[in-house]
Participant: 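Structure provided below as structure tokens; questions to follow.
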Amino acid sequence: MVFIYTTCATTGEAEKLGKLILDKKLGACIDYWPIRSMYHWEGDLKHLEEVMMLITTFEPKIETVSDLISKNHSYSTPLIGSVDVRRINRAYKEWMMKEVV
């Protein structure tokens, strides 16, 4: 199992991306919540409210999910990172295997 992490400009964007991922059976669960971010962009220090997304899926889906996010994201350069999860409980894994095709 892997978590794919990205941030979105709005809750609506996170919901849109999440629905695309779930409808295409690329992920089992989408979590999202508001965050505050600070970074330099094009010479300016940005302080933004964003929405963090955490997508639960399997390793073979990383590239496809990444491509889907890149094509449908409002940011020109979104961070799309993945984290390998070494262990999960059996019941959750069995459910995921039914949800992610």
Side-chain angles (χ1 to χ4, degrees):
M1 184 182 101
V2 295
F3 289 138
I4 298 176
Y5 167 91
T6 193
T7 55
C8 298
T10 65
T11 300
E13 180 175 38
E15 290 173 347
K16 176 187 155 196
L17 288 171
K19 185 170 179 351
L20 283 171
I21 291 163
L22 293 176
D23 286 350
K24 294 182 180 291
K25 299 285 196 178
L26 297 173
C29 181
I30 310 295
D31 297 317
Y32 54 95
W33 58 93
I35 61 168
R36 294 191 53 83
S37 298
M38 182 172 52
Y39 55 90
H40 282 101
W41 184 255
E42 297 179 346
D44 293 326
L45 181 60
K46 302 290 185 178
H47 295 264
L48 299 173
E49 292 185 10
E50 296 182 292
V51 176
M52 183 178 140
M53 274 184 76
L54 195 66
I55 302 146
T56 306
T57 190
F58 292 112
E59 193 276 332
K61 301 298 182 187
I62 293 172
E63 192 72 28
T64 305
V65 171
S66 180
D67 288 346
L68 184 145
I69 292 170
S70 293
K71 289 176 185 169
N72 294 281
H73 206 287
S74 65
Y75 294 169
S76 60
T77 311
L79 164 66
I80 305 167
S82 61
V83 178
D84 194 24
V85 178
R86 295 183 63 184
R87 295 189 61 121
I88 61 172
N89 59 310
R90 182 181 316 236
Y92 193 88
K93 183 176 181 180
E94 288 171 357
W95 170 77
M96 275 188 71
M97 292 174 71
K98 294 178 200 169
E99 296 300 315
V100 180
V101 180

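Computed over heavy atoms, backbone and side chain alike; hydrogens, waters and symmetry mates excluded.
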Participant: I'd like to know if the side chain of Lys61 reaches the main chain of Val101, judged simply by a donor and an acceptor atom lying under 3.5 Å from each other, with no hydrogens or angles considered.
Facilitator: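 Side chain of Lys61 to backbone of Val101, a donor-acceptor pair under 3.5 Å: yes, one is there.
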
Participant: Could you state whether Phe3 and Met52 fall into the same hydrophobic cluster, counting links through intermediate Ile, Leu, Val, Met, Phe, Trp or Tyr residues with side-chain heavy atoms under 4.5 angstrom apart?
Facilitator: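 Hydrophobic grouping puts Phe3 with Met52.
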
Participant: Please report the closest heavy-atom contact between Ser74 and Ala9, naming both atoms and the distance.
Facilitator: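 Closest pair (atom of Ser74, atom of Ala9, distance): OG-CB, 3.9 Å.
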
Participant: Would you name the heavy atoms of Ala28 and Trp95 that are closest together and state the gap between them?
Facilitator: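 That would be O-CH2, 3.2 Å.
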
Participant: Are Leu17 and Trp33 in one and the same hydrophobic cluster, where Ile, Leu, Val, Met, Phe, Trp and Tyr link if side-chain heavy atoms are under 4.5 Å apart?
Facilitator: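 No, Leu17 and Trp33 fall in different hydrophobic clusters.
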
Participant: Should the ring pair Trp41 and Tyr39 be called parallel, tilted or perpendicular, given that the plane angle runs from 0 to 90° and is split at 30 and 60?
Facilitator: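 The arrangement is perpendicular - the two ring planes meet at more than 60°.
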
Participant: Could you check whether any side-chain N or O of Glu50 sits under 3.5 Å from a backbone N or O of Ser37, counting only pairs where one atom can act as donor and the other as acceptor?
Facilitator: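 Checked: no pair found.
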
Participant: Are side-chain heavy atoms of Lys46 and Met38 found at a separation under 4.5 Å?
Facilitator: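 No, every pair of side-chain atoms sits at 4.5 Å or beyond.
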
Participant: Counting C-beta onward and ignoring hydrogens, is there a side-chain heavy-atom pair between His40 and Leu45 closer than 4.5 Å?
Facilitator: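 Of all side-chain heavy-atom pairs linking Leu45 with His40, at least one is under 4.5 Å.
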
Participant: What's the shortest heavy-atom distance between Asp84 and Met1, and which atoms?
Facilitator: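 Taking Asp84 first and Met1 second, the nearest heavy atoms are OD1-O, 3.3 Å.
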
Participant: First locate atom NZ of Lys16, then atom OG1 of Thr11, and finally report the distance between them rounded to the nearest 0.5 Å.
Facilitator: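 If I round to the nearest 0.5 Å, the distance is 14.5 Å.
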
Participant: Given the rule that I, L, V, M, F, W and Y join up when any side-chain heavy atoms are under 4.5 Å apart, are Ile55 and Phe58 in one cluster?
Facilitator: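 No, because Ile55 and Phe58 fall into different hydrophobic clusters, even though each may have its own neighbours under 4.5 Å.
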
Participant: Does any non-hydrogen side-chain atom of Ile80 lie less than 4.5 Å from one of Tyr5?
Facilitator: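 Heavy-atom side-chain distance check fails, nothing below 4.5 Å.
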
Participant: In this structure, would Leu20 and Val2 fall into the same cluster of hydrophobic residues linked by side-chain contacts under 4.5 Å?
Facilitator: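 Leu20 clusters together with Val2.
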
Participant: Counting N and O atoms only, with roles assigned by atom type, does the side chain of Thr7 sit under 3.5 Å from a partner on the main chain of Val51, one being a donor and the other an acceptor?
Facilitator: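 No: the side chain of Thr7 does not pair with the backbone of Val51.
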
Participant: How many angstroms lie between atom CG of Leu26 and atom CD of Glu63, to the nearest 0.5 angstrom?
Facilitator: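 These two atoms lie 12.0 Å from each other.
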
Participant: Can you hop from Ile62 to Val65 via hydrophobic side chains spaced under 4.5 Å?
Facilitator: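 Yes, because Ile62 and Val65 connect within a single hydrophobic cluster, where side-chain heavy atoms sit under 4.5 Å apart.
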
Participant: Would you give the length of the straight line joining atom OG of Ser76 to atom CD of Glu42, rounded to the nearest 0.5 angstrom?
Facilitator: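 Reported value, rounded in 0.5 Å steps: 7.0 Å.
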
Participant: Measuring only between side-chain heavy atoms, which start at C-beta, is Ile69 closer than 4.5 Å to Met53?
Facilitator: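 A side-chain contact under 4.5 Å is absent here.
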
Participant: Less than 4.5 Å apart, side chain to side chain, heavy atoms only: is that true for Met96 and Thr56?
Facilitator: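 Touching, per the 4.5 Å side-chain cut-off.
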
Participant: As an exercise, state the distance from NZ of Lys98 to NZ of Lys93, rounded to the nearest 0.5 Å.
Facilitator: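 Nearest 0.5 Å value for the NZ-NZ distance: 14.0 Å.
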
Participant: What is the distance from atom CD of Glu13 to atom OH of Tyr75, rounded to the nearest 0.5 Å?
Facilitator: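 Those atoms lie 6.5 Å apart.
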
Participant: Rounded to the nearest 0.5 Å, what separation is found between the NE2 atom of His47 and the CZ atom of Arg36?
Facilitator: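 It comes to 8.5 Å.
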
